[in-house]
Protein chains: 2
Amino acid sequence: MILHSAKAFANAKPVEPAGPAVWAHQRQPLAFHAAGTEIYAQGERAEGLYLVTFGAVRVYRLLSDGRRQISAFHLPGEVFGFEADGTHHFFAEAIAATGLQAIKPTADADFASAVLPLAVAGLVRAQEHLLVLGRQSARERVAAFLLDMAARQGDLDEIELPMSRTDIGDYLGLTIETVSRVFSRLKETGVIRLPGLRSVVLARRNILEGMCE
Amino acid sequence: MILHSAKAFANAKPVEPAGPAVWAHQRQPLAFHAAGTEIYAQGERAEGLYLVTFGAVRVYRLLSDGRRQISAFHLPGEVFGFEADGTHHFFAEAIAATGLQAIKPTADADFASAVLPLAVAGLVRAQEHLLVLGRQSARERVAAFLLDMAARQGDLDEIELPMSRTDIGDYLGLTIETVSRVFSRLKETGVIRLPGLRSVVLARRNILEGMCE
DNA sequence: CGAGATTTTGAAAAATTTCAACATTCGTGG
DNA sequence: CCACGAATGTTGAAATTTTTCAAAATCTCG
């Protein structure tokens, strides 16, 4: 597994972020994180931002009894690590073998101009996810999740889920069993197909879309 | 009612934002919004940011069948209105008679430096609220809400809720009935007192705190 | 192939919502 | 200033959704 991951790392082509090219001079060397390893922990001093070049990241928070809420997944091309007070308020872990480029903040006002749109996009995304968690049923949550993942993977009808059912549950505010049942029901009704555990075909995308208006 | 509101407006002392004084030259005249009136709507062109000087604001999203999720309340001193793509993704309304100062964005990099911390703080707040909606029980949600409102009102033990039970429900992802029942139970058990419908005394704050670790 | 981990499925339990009725509060106008 | 009516809030009981607990099935990887 380590071998496999290292190979993926060697072959990776760094992804360019969507934003302006102002990043270039702030890039650090590519860092590799094996699946399941911590990128930062809540309470740690924040060092800056991270650009995902390959793999996937989960950002989450814990309650003292172990309940976990994943606030976001980050896929290649996305930037995460925004934190207030210079302190991390969340945990971040690699879900799969993951490549990250650290982006050091500078006092530079250009830096703020470059990252503000990213921070705002993250804010809008988080607030939209509040609607899912606060007001949608289990089925609607899963539908919204699948469509979101598809949109972030080029809007193809076949998508790969880098995360486990447990991760999906902790992102959608559901138990793993409920997630599994919804997947099964969607499969039974022909809305999706499941060629593999982590592979989903959106066979009838319009029905999924109708589920989360 | 209009008269009363206008009076409040005339007497209001604009609140200074927590951030740097870079705002000063970007301030617009104070705008008044009567209770229940729209500040902006989803889909509208975003004009800039708003500083609340008095009153309170709710920012929310709707599903097509009318379900509503309030993603944030904004109290005096707070700034809201961050939007991606130059378009509003949410609705904003005055909850009570409210004073707002518009803050026009400038291409100015100083502007980005000034608002980035505010956007990041909003992002952290939204992601923390995801934990509440995704993983906490009704009682825990209400406890977290009361403590948050207290923290934002100077951490006194008596707080004023500018919003209705319906708004609280739509913020916490609960029905109004569930919110009401939790309030009643907290009152019965002596954790809070309710001198008025919109006034809450946190009689045993440590118990509330214990509810949302 | 086989052991451990992950996922699926079922049935009972728990939490929240829904529906309905009643109580209280607020603002207006007499 | 009080009374009335509408809006808001509270309470109860049944219905629904999701969770919990338990067990079986499937997948992964060495």
Side-chain angles (χ1 to χ4, degrees), chain A residues 1-5 7-8 34-36 63 65-69 95-97 132-143 160-188 192-200 211, chain B residues 1-5 7 34-36 58 63 65-69 95-97 132-143 160-188 192-200 211:
Chain A
M1 206 273 265
I2 297 294
L3 263 179
H4 174 266
S5 301
K7 216 183 301 175
L63 290 170
D65 62 3
R67 281 175 289 175
R68 181 178 73 157
Q69 178 64 43
I95 293 175
V132 175
L133 295 190
R135 287 294 177 220
Q136 294 195 295
S137 69
R139 204 185 54 161
E140 292 169 327
R141 293 184 204 198
V142 171
E160 293 302 311
L161 303 179
M163 69 292 287
S164 67
R165 296 286 188 272
T166 301
D167 284 338
I168 297 172
D170 285 350
Y171 177 66
L172 296 178
L174 300 170
T175 60
I176 171 178
E177 294 95 331
T178 299
V179 172
S180 181
R181 276 186 258 266
V182 173
F183 270 84
S184 298
R185 201 64 53 88
L186 291 174
K187 187 172 118 186
E188 278 170 22
I192 63 174
R193 267 175 288 141
L194 296 171
L197 266 179
R198 300 204 169 181
S199 178
V200 183
M211 285 180 189
Chain B
M1 206 270 266
I2 297 293
L3 261 178
H4 173 266
S5 302
K7 217 183 297 176
R58 60 182 166 237
L63 290 170
D65 62 2
R67 281 176 289 176
R68 181 179 74 158
Q69 177 65 42
I95 293 174
V132 175
L133 295 191
R135 286 295 176 220
Q136 294 195 296
S137 68
R139 204 186 52 162
E140 292 169 326
R141 294 183 202 199
V142 171
E160 293 302 312
L161 304 179
M163 69 291 287
S164 67
R165 295 288 188 271
T166 301
D167 284 338
I168 296 172
D170 284 351
Y171 177 66
L172 297 178
L174 300 170
T175 60
I176 171 179
E177 294 96 329
T178 299
V179 172
S180 180
R181 276 185 258 266
V182 173
F183 270 83
S184 298
R185 202 64 54 88
L186 290 174
K187 186 172 121 184
E188 277 169 23
I192 62 173
R193 269 174 286 140
L194 296 171
L197 267 180
R198 301 203 167 182
S199 178
V200 183
M211 285 181 189

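Quick note on labels: first sequence line is chain A, next is B, and so on, each numbered from 1.
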- Toward the 5' end of DNA chain D, which comes first, A:E177 or A:R141, by nearest nucleotide? A:R141
- Message: Around atom CZ of A:R193, are there more than 12 heavy atoms from other residues, nucleotides or ligands closer than 6.0 Å?
- Response: no
- When you check the phosphate oxygens OP1 and OP2 of D:dT19, does a side-chain N or O of A:T178 lie under 4.0 Å from one of them? yes
- Task: Write down the distance between NZ (A:K187) and C1' (C:dT9), rounded to a whole number of angstrom.
- Result: 12 Å
- With side chains defined as the heavy atoms from C-beta onward, is the minimum distance between B:M163 and B:Y171 less than 4.5 Å? no
- Message: Heavy atoms only, 4.0 Å cut-off, all strands: where does B:G169 land among base, sugar-phosphate and nothing?
- Response: nothing
- Task: Check B:T178 against B:A138 and note the closest heavy-atom contact, atom names and distance.
- Result: CG2-CB, 3.6 Å
- Please give, in whole Å, the distance from D:dT17 C1' to A:E140 CD? 12 Å
- Tell me which nucleotide among D:dT10, D:dT19, C:dT7 gets nearest to the side chain of B:S184. D:dT10
- Hey, does B:V200 have a side-chain heavy atom less than 4.5 Å from the side chain of B:K187? no
- Task: Hey, which sits more toward the 5' end of DNA chain C by its nearest nucleotide, A:L197 or A:G134?
- Result: A:L197
- Query: When the nearest nucleotide of DNA chain C is assigned to A:F183 and to A:R135 on a heavy-atom basis, which residue is associated with the more 5' position?
  - Reply: A:F183
- Value in whole Å for how far the C1' atom of D:dT10 lies from CZ of B:R185: 12 Å
- Within this structure, what is the CG-to-P distance between A:L174 and D:dT20, rounded to whole angstrom? 11 Å
- May I have the distance from A:R139 (atom CZ) to D:dT16 (atom C1'), rounded to whole angstrom? 14 Å
- To the nearest Å, give me how far apart CD (B:Q136) and P (C:dT16) are. 11 Å
- Message: Taking only side-chain N and O atoms of A:R181, does any of them lie within less than 4.0 angstrom of OP1 or OP2 on D:dT18?
- Response: no
- Task: Return the nearest nucleotide to the side chain of A:R165; candidates are C:dT25, C:dC19, C:dT8.
- Result: C:dT8
- Would you kindly give the CD1-to-C1' distance between B:I176 and D:dT10, to the nearest whole Å? 9 Å
- Note on the structure: A:R198 has its side chain closest, among C:dT7, D:dA22, C:dT17, to C:dT7
- Query: To the nearest angstrom, how far is A:L194 atom CG from D:dT26 atom P?
  - Reply: 14 Å
- Item | Distance, nearest 0.5 Å, that separates CD of B:Q69 from CD of A:Q136 | 10.0 Å
- Task: Select base, sugar-phosphate, or nothing to describe what A:S164 touches, counting heavy atoms under 4.0 Å on all strands.
- Result: sugar-phosphate
